[in-house]
Undergrad: 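Before I ask anything, here is the structure I am working with.
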Amino acid sequence: MVREIRRRARQVAPQVIAVCLVGYFVFHAVQGERGLLAYLRLQQDLAQAKAVQSELAAQRKEMEHRVSLLRPDSLDPDMLEEQARHVLNFARPNEVVIFLKEPKDTATAD
């Protein structure tokens, strides 16, 4: 009986080892540090970074346009007035001024 078990174990052992090896590699191909799930996570991060980049590029383009309106060679009087009123905190007598609460700066809070 012991001989029969040993004989069958020798026949089955290579197959069990092969299945374990395949299982090991499949697991790491999906769950590993450089597996499929990590790749998908990186793709999501890349998509988010591209969205942020395009938003920042649009903001930069808008700021560059506003700066170009304040250059001496192409000075826009309306833009100059808007900036002067903002910096000097001026308002016309017939205007209504609405004060908004300043957002709390969470970066300095501990």
Side-chain angles (χ1 to χ4, degrees):
M1 171 115 164
V2 174
R3 286 185 191 164
E4 184 67 23
I5 292 173
R6 284 185 182 169
R7 187 178 66 79
R8 289 190 185 223
R10 285 185 192 150
Q11 291 175 350
V12 175
Q15 296 164 354
V16 169
I17 291 172
V19 168
C20 289
L21 281 173
V22 169
Y24 174 81
F25 287 115
V26 168
F27 174 79
H28 285 284
V30 174
Q31 294 284 339
E33 184 178 316
R34 296 185 180 171
L36 182 61
L37 295 178
Y39 174 76
L40 295 176
R41 224 176 358 262
L42 283 174
Q43 291 299 319
Q44 283 180 334
D45 293 347
L46 180 62
Q48 288 175 351
K50 284 184 178 181
V52 168
Q53 180 199 19
S54 65
E55 182 180 327
L56 291 175
Q59 287 178 359
R60 179 183 174 139
K61 188 174 183 179
E62 175 64 27
M63 287 181 187
E64 286 176 349
H65 175 70
R66 290 177 63 96
V67 167
S68 73
L69 293 176
L70 292 173
R71 290 206 173 106
D73 56 333
S74 65
L75 186 61
D76 182 18
D78 292 334
M79 181 62 74
L80 180 62
E81 179 186 1
E82 176 187 335
Q83 287 298 316
R85 291 172 63 186
H86 177 72
V87 170
L88 298 174
N89 229 0
F90 283 153
R92 291 192 177 126
N94 62 348
E95 289 181 333
V96 176
V97 177
I98 301 173
F99 293 101
L100 302 174
K101 291 182 180 179
E102 293 277 334
K104 293 182 180 179
D105 188 14
T106 57
T108 58
D110 290 331

Undergrad: Can you hop from Val12 to Leu21 via hydrophobic side chains spaced under 4.5 Å?
TA: no
Undergrad: With sequence neighbours excluded, what pairs up with Glu4 under the side-chain contact (heavy atoms from CB on, under 4.5 Å) test?
TA: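 Partners of Glu4 under the side-chain contact (heavy atoms from CB on, under 4.5 Å) test: Arg7, Arg8.
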Undergrad: Could you list the donor-acceptor pairs under 3.5 angstrom formed by side chains in residues 49-65, with sequence neighbours left out?
TA:
unit_1 : atom_1 : unit_2 : atom_2 : d
Ser54  : OG     : Lys50  : O      : 3.4
Ser54  : OG     : Ala51  : O      : 2.9
Arg60  : NE     : Glu64  : OE2    : 2.8
Arg60  : NH2    : Glu64  : OE2    : 3.4

Undergrad: Which atom names give the shortest non-hydrogen contact between Ala38 and Gly32, and what distance separates them?
TA: CB-O, 3.9 Å
Undergrad: To the nearest 0.5 angstrom, please state how far the CG atom of Leu36 sits from the NE2 atom of His28.
TA: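 NE2 of His28 is found 14.5 Å from CG of Leu36.
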Undergrad: How long is the gap from CZ on Arg92 to CZ on Arg85, to the nearest 0.5 Å?
TA: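 Arg92 CZ to Arg85 CZ: 5.0 Å, rounded to 0.5 Å.
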